[in-house]
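Worksheet: the structure to be examined is printed underneath.
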Amino acid sequence: MSYKSEWVAILANFKTKINAYLANPNSITVSDLEEVQNEFIAFIDGYSMILRDDACNIQVIDVFNRVYLNKSNTVSDDDTINNLQTLIDSFDTAIIHNKEEKMTTNYNVSGNAQFGNNNSQTNTHNATDININLQTLINEIEKSGDTEAKSKLLDLLNNGTIASILGVTAAEVVKFFS
């Protein structure tokens with residue numbers, strides 16, 4: 001895994017934890033947040049020379065330092081929420097900036113398969129490449145009313161690596177379900 005891929009995964013995982021905390025502070029423990037914070041700091045320590053060569057990454061580190069190293073006793077809950085949102089926004093920018101290439105998901109299916117409508121398929125030697133838009137997948141799951149499928153998709157998107165590849169977290173996907 002390249003350092004950029006690892007960096008994107010760390011940012012996406014940290015972002016997922018912060019989003020979960022902001023949505024429901026009781027859903028994330030202090031140790032969960034400390035764990036992703038320590039992973040973030042360890043990565044920065046290990047790759048500081050490379051990260052500091054990029055203005056976008058420097059901004060993420062600066063915002064992190066402002067948010068997490070601010071030990072002022074005068075910080076309000078609103079300030080904390082605003083600071084965490086600023087940190088999430090900087091993570092989003094860095095994730096997009098550091099993605100090395102557009103990712104395509106390929107599924108190998110024995111025989112023929114159809115996922116959704118208006119997608120493309122190429123069938124060669126018992127392998128089918130299936131391309132489906134994430135929004136289409138969400139819409140089809142919502143239309144089906146299948147709570148298990150919805151739950152499995154959200155579980156999948158809670159994985160930091162998956163979230164970094166797709167550029168979306170489960171907390172963001174929930175907004176698309178009615």
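Between the side chain of S151 and the backbone N or O of T147 there is no donor-acceptor pair closer than 3.5 Å. Between the side chain of S27 and the backbone N or O of A23, no donor-acceptor pair lies under 3.5 Å. In this structure, S90 contributes its side chain and V63 its backbone to no donor-acceptor pair below 3.5 Å. N13 places no side-chain N or O within donor-acceptor distance of the main-chain N or O of A9, the cut-off being under 3.5 Å.
Of the candidates V30, V36, D32, V30 is the only one forming a side chain to side chain contact (heavy atoms under 4.5 Å, CB included) with E34.
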Y47/E6 under side-chain contact (heavy atoms from CB on, under 4.5 Å): CA gap, chis, key distance, verdict: CA-CA 11 Å; Y47 289 96; E6 189 176 350; 4.0 Å; yes
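Side-chain contact between T86 and V67: absent, with no pair of heavy atoms (C-beta onward) separated by less than 4.5 Å.
Put simply, CG on N83 and CZ on R66 are 8.0 Å apart, with the number rounded to the nearest 0.5 Å. For the atom pair CG (N57) and OG (S48), the distance works out to 11.5 Å, reported to the nearest 0.5 Å. Atoms CG and CD, on D155 and E148 in that order, are 10.5 Å from each other to the nearest 0.5 Å. I96 CD1 to C56 SG: the interatomic distance, rounded to the nearest 0.5 Å, is 9.0 Å.
I41 and I58 end up in different hydrophobic clusters when Ile, Leu, Val, Met, Phe, Trp and Tyr side chains are linked at under 4.5 Å. Connection of I81 to I28 is established within a shared hydrophobic cluster, with ILVMFWY side chains joined at heavy-atom distances below 4.5 Å, either directly or through further cluster members.
Classification of the Y3-F43 ring pair by plane angle, with boundaries at 30° and 60°, yields parallel.
W7 and F40 have their aromatic ring centers within a separation under 6.0 angstrom.
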